[in-house]
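Right, one structure below, let's go through it.
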Amino acid sequence: MSRYNFRESEAKWQRHWRERRLFEVTAEPGRPKYYVLEMFPYPSGKLHVGHVRNYTMGDVVARYRRAQGFNVLHPMGWDAFGLPAENAAMAENSHPAVWTHENIRTMRAQLERMGFAYDWSREIATCHPDYYRHEQKMFLDFLAADLAYRRESWVNWDPVENTVLANEQVIDGRGWRSGAIVEKRLLSQWFLRITAFTEELLEAIGGLERWPERVRLMQENWIGRSDGARVFFTIAGTDERIEVFTTRQDTLFGASFLALSPNHPLALRVAEKDAGLAAFIAECNRMGTSEAVIEAAEKRGYATGLEAVHPFDESRHVPIWVANFVLMEYGSGAIFGCPAHDQRDLEFARKYRLPVIPVVLPLGADPANFAIGETPYLDDGTVFNSAFLDGLSVADAKRAAAERLEALGRGERTTAYRLRDWGVSRQRYWGCPIPVIHCESCGIVPVPEKDLPVTLPEDVDFAVPGNPLDHHPTWKHVPCPRCGQPARRETDTFDTFFESSWYFLRFCSARAPTAFDRQAVDYWMPVDQYIGGIEHAVLHLLYSRFFTRALKRCGYLDLDEPFAGLFTQGMVCHQTYQSETGEWLFPEEVETDGAGRLVDAAGREVIAGRHEKMSKSKRNVVGLDAIVDTYGADTARLYLLSDSPPERDLEWTETGIEGIWRYVNRLWRLVSEPPATLPPPGLPIPSRLPAEVATVRRTNHKAIAAVTDDLDKFRFNRAVARIRELTNALDELPVGAPGAAHALREGLETLARLLGPMMPHLAEEMWEQLGHEGSLAEEAWPQSDPELTRDEQVTMAVQVNGKLRATLDIPRDTASAAVEDAALALPQVARWLEGHAPRKVIVVPNRIVNIVA
RNA sequence: GCGGACGUGGCGAAAAGGUAGACGCAGCAGACUUAAAAUCUGCUCCGGGCAACCGGGUGCGGGUUCGAGUCCCGCCGUCCGCACCA
């Protein structure tokens, strides 16, 4: 009994594809294209099976579309800038570039072993000046188009690392690496004006039909549109106005205070003369931004002593407070408080004994007895206690109040968004230098295009905390391009999301001297199928959508949406194991002893934990190399496709992969030692076949139709099940029957073709065994013959009162009346009718008969 | 708090409103073998029955329908995203 020699076969076919450059493509205007892209990896060290699941799905799509005749672009590259390289450099006393390139080498070799159909001639690494020089140019164009700007902004500052931290890097108020308490600091930073496209980005989500609903919702929430009004309150005794944003202008008569953010300009001004307020503001700024801190934080405020004049009633004054729960970044940094109809305002009012004035009456409630207790009233009702708004519904009152504000010049309707401009400055070395120069006399001067790229210096020292570019002895000192006086370079680098916001464009013409060749982009873009993790649902995908629009505005291309189709795949999980002392164990360190208990190598008991996403820290990872060494790439690929729907998490199990390995060998035996002598390829199949053989042919053609449909809809697990059904059917073929050998050949060829995108090496090997010349990768996708998928005989379910009582084998498309007669004639049916005539009979052709007694 | 997704055998799962559990994993029994591995065959939702068969069954409670895992209403649970967002 022979075993499939995947080692030999996989190397052989990989060589075959490489030598013939089968997957290198060029734009062919007029020929239908298909651009398949998997989110490119950060070269962190080694590929894990989670990566491979992602790339396998992409490879199935790429090979399938190719077989369908599309000109398929399927590239791969490296998102190569980022903090881990710097951390590794510090830890290993190496250089980020060295570490990164080593990882790329390792990971590329791993990808090659998997047999993915990439056009390697388009490989890119974003840390290469040939890549990042183009984004420096883009930045200068954005600057000229007012899509990039510099401003002071509050940032999370790690005082030990001497750098800005992203919100995600602040854990419980501390730096994720240093553990130092994070401070808020006002820092001058570069921003990209994503808010110039807010409404466009929001509106266009509706057109992203081939995106998961979930991702579209997440982006909508992230942009966070809310319609309301800005309202101007005058500070009593002055002409000065305070602007407030609200969505509830209908409740203005319920206002009992104004609250300013601690960083509101007015608050800061008052604090100059009010030491108590200054101390309060300082305390607010020290407070962490983490979820836990906010959850536990009490509403706290400080009365400024100032009062504001009510816009609808000048005789009414409300106190102005500074409150810790008002965000400077949202709306105008100031709110009016209506405790009766807002949870936070109510908490605040109760604490500081401010009035609670209900102005919306629930339907049917008695205005004389209605009072607010523990909870505010948030639903619709009738407005009261509100002068000209009395009697209106909430919606009508919103409109009426807004109109009155506009007429009085004390406010106007407006829309606020949660989305903020994208801060791109990082005080880091291993990133793309921001191409500007700071000059004492000329201010900010863009680096002239002829001086691009601004490259990173190689001789850097990571021993000193902070930004190595900043403390490099010479790098930042340059003459001002405008006046020639000594000036200094910007030492911040771009956020690494900058690189991933346009790499899909670079792939269209990866060696172009410009960022990309316009004709190549016009041909290949948009990406037809993008595949990646849900963790990028917002940031990367939103930034890329923005970038595409910004580049369009700067004349680079004519495209709004970069990704026509998006698929977010689930994670790969594995059971976790812990020793009795709580240390995490690798799966290969765990064995089963004679009594069936889990033990480690030394026989100590092991505790099996939850099934979780594979992570290095919990050691529940399986090494890709070990899997491929033991079972081969095809087995790993099929397992990743077969066990769970692709959008759901996949549980990696040893027994699961072994099951696939058994199947691989079964396929191999079926072609290398077929149960009947196969006729040579290309012979027509006899048209008259015994029923058992005809059935197998039907299964064959049904499998083609079903697998085609499943691949179109990303249902890989079902496609695998259909292919296995066909395999089972071929095993049951009566080999001695007339035409059986022909049907067997047809079935085996179908298996090879359908498996081609999933297990390309084995499929090629099968194809060759079946006597074909050349590569299966160049064969067309099989067509199912509709005539051959139709059953002649159907089994119909027969129900009495909705319960299954019998089945009926009957020729397909038998007339309903005849079906009814046949069903009523069944003894099982007669028994349940007990001699009564049926009241009603429903016949669904070829499916079911339901007899209502 | 707001928004969303999902609840089906021992496990991963499948079912255009039409025979629930395809396909696989694990398990049990058997064949081959001196033996094991590999391979092959059969069984495997629950309860009752020697059996044909009968009853029950898709988180819980209702509803629509000839017919509901699927549609509608109300609960319960799990997971995810956002969150002092005014």
Side-chain angles (χ1 to χ4, degrees), chain A residues 1 3 212-222 224-226 228-229 231 244-249 251 259 261 289 291 293-295 297-299 323-327 329-338 341-345 347-348 378 416-420 534-535 537-538 611 639 642-645 647-660 662-663 665-666 669 706 715 717-728 731 795-808 828 831 838-853:
Chain A
M1 182 157 306
R3 278 197 152 206
E213 184 59 26
R214 183 153 81 115
V215 175
R216 296 195 297 183
L217 272 163
M218 281 164 78
Q219 293 216 351
E220 271 173 30
N221 293 340
W222 189 264
R225 178 186 163 121
S226 46
V231 184
V244 152
F245 175 76
T246 181
T247 56
R248 293 302 302 272
Q249 61 272 20
T251 64
S261 163
T289 50
E291 193 180 319
V293 172
I294 288 166
E295 194 93 4
E298 207 182 345
K299 307 273 171 291
N324 64 347
F325 64 90
V326 181
L327 305 174
E329 302 84 27
Y330 188 76
S332 60
I335 61 158
F336 82 83
C338 176
H341 306 292
D342 183 280
Q343 181 63 49
R344 289 163 323 209
D345 297 350
E347 281 173 46
F348 192 76
L378 304 172
Y417 299 91
R418 210 189 77 97
L419 183 69
R420 288 169 224 160
I534 187 71
E535 67 273 18
V538 178
H611 296 255
Y639 178 54
S642 69
D643 235 34
S644 290
E647 69 279 7
R648 235 179 271 180
D649 288 352
L650 173 96
E651 177 65 25
W652 185 278
T653 64
E654 201 57 31
T655 52
I657 188 105
E658 276 167 10
I660 301 292
R662 281 197 296 271
Y663 177 60
N665 281 295
R666 202 177 136 204
R669 281 194 304 275
R715 295 189 297 216
N717 57 322
R718 284 196 0 169
V720 173
R722 298 310 292 253
I723 293 171
R724 294 188 78 136
E725 274 180 282
L726 175 58
T727 315
N728 293 345
D731 258 348
T795 304
M796 293 180 71
V798 180
Q799 298 182 334
V800 179
N801 290 332
K803 281 194 192 299
L804 180 74
R805 295 302 178 193
T807 57
L808 186 62
Q828 300 97 313
R831 222 175 88 206
R839 273 195 281 171
K840 194 174 175 185
V841 179
I842 288 131
V843 177
V844 181
N846 300 327
R847 301 204 77 131
I848 203 164
V849 186
N850 191 11
I851 296 156
V852 187

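Proteins get letters first, then strands, A, B, ... in listed order; numbering begins at 1 in each. All values below come from the heavy atoms of this structure, side chains included, with hydrogens, waters and symmetry mates left out. Only a predicted model underlies this, so the values are computations on that prediction, with no experimental measurement involved.
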Legend entry - Protein-nucleotide distance (A/Arg715, atom CZ; B/rA16, atom C1'), rounded to Å: 10 Å

Check nucleotides 43-51 of chain B against the protein and report each pair of N or O atoms closer than 3.5 Å, with its distance, or say if there are none.
none

Legend entry - Whole angstrom value for the distance that separates C1' of B/rA16 from CG of A/Asn846: 14 Å

Inset, instruction - Show the numbers, then the answer: is there a salt bridge (Lys or Arg N to Asp or Glu O under 4.0 Å) between A/Glu347 and A/Arg344? - result: CA-CA 5 Å; A/Glu347 281 173 46; A/Arg344 289 163 323 209; over 6 Å; no

Legend entry - Whole angstrom value for the distance that separates P of B/rC82 from OH of A/Tyr417: 21 Å

Legend entry - Rounded distance in Å - CZ (A/Arg805) to P (B/rU19): 16 Å

Legend entry - Whole angstrom value for the distance that separates C1' of B/rC85 from CZ of A/Phe336: 15 Å

Legend entry - Nearest-nucleotide pick for A/Asn728, side chain only, options being B/rC23, B/rC85, B/rU19: B/rC23

Inset, instruction - Taking only the side-chain nitrogens and oxygens of A/Arg3, find out if one of them lies under 4.0 Å from OP1 or OP2 of B/rA38. - result: no

Inset, instruction - Check whether any side-chain N or O of A/Lys803 sits under 4.0 Å from OP1 or OP2 of B/rC66, and answer yes or no. - result: no

Legend entry - pair A/Asp342-A/Phe336: side-chain heavy atoms closer than 4.5 Å: no

Inset, instruction - Nearest whole angstrom, please: distance from the P of B/rC82 to the CG of A/Asn221. - result: 10 Å

Inset, instruction - Could you say whether A/Arg722 or A/Ile335 is positioned toward the 5' end of RNA chain B, judged by the nucleotide with the nearest heavy atom to each? - result: A/Arg722

Inset, instruction - Quickly work out the A/Arg648 CZ to B/rC11 P distance and round it to whole Å. - result: 14 Å

Inset, instruction - Identify, with sequence neighbours excluded, every residue that meets side-chain hydrogen bond (donor to acceptor under 3.5 Å, both in side chains) alongside A/Glu535. - result: none

Inset, instruction - Please tell me which of the listed nucleotides, B/rC23, B/rG18, B/rA86, lies nearest to the side chain of A/Ala721? - result: B/rC23

Legend entry - Modelled atom types, side-chain donor and acceptor of A/Tyr663 and A/Thr727, under 3.5 Å: yes

Inset, instruction - Please report, rounded to the nearest Å, how far the P atom of B/rA68 is from the CD1 atom of A/Ile842. - result: 12 Å

Inset, instruction - Among the candidates B/rC25, B/rG3, B/rG18, find the nucleotide nearest to the side-chain atoms of A/Thr655. - result: B/rC25

Check: residues 839-853 of chain A side-chain donor-acceptor pairs under 3.5 Å, at least two apart:
{"from": "A/Arg839", "atom 1": "NE", "to": "A/Ala853", "atom 2": "O", "distance (Å)": "3.3"}
{"from": "A/Arg839", "atom 1": "NH2", "to": "A/Ala853", "atom 2": "O", "distance (Å)": "3.2"}
{"from": "A/Asn846", "atom 1": "OD1", "to": "A/Asp813", "atom 2": "N", "distance (Å)": "2.8"}
{"from": "A/Asn846", "atom 1": "ND2", "to": "A/Asp813", "atom 2": "OD1", "distance (Å)": "2.8"}
{"from": "A/Asn850", "atom 1": "OD1", "to": "A/Gly802", "atom 2": "N", "distance (Å)": "3.0"}

Inset, instruction - Between B/rC85, B/rU19, B/rC23, spot the one nearest the side chain of A/Arg724, thanks. - result: B/rC23

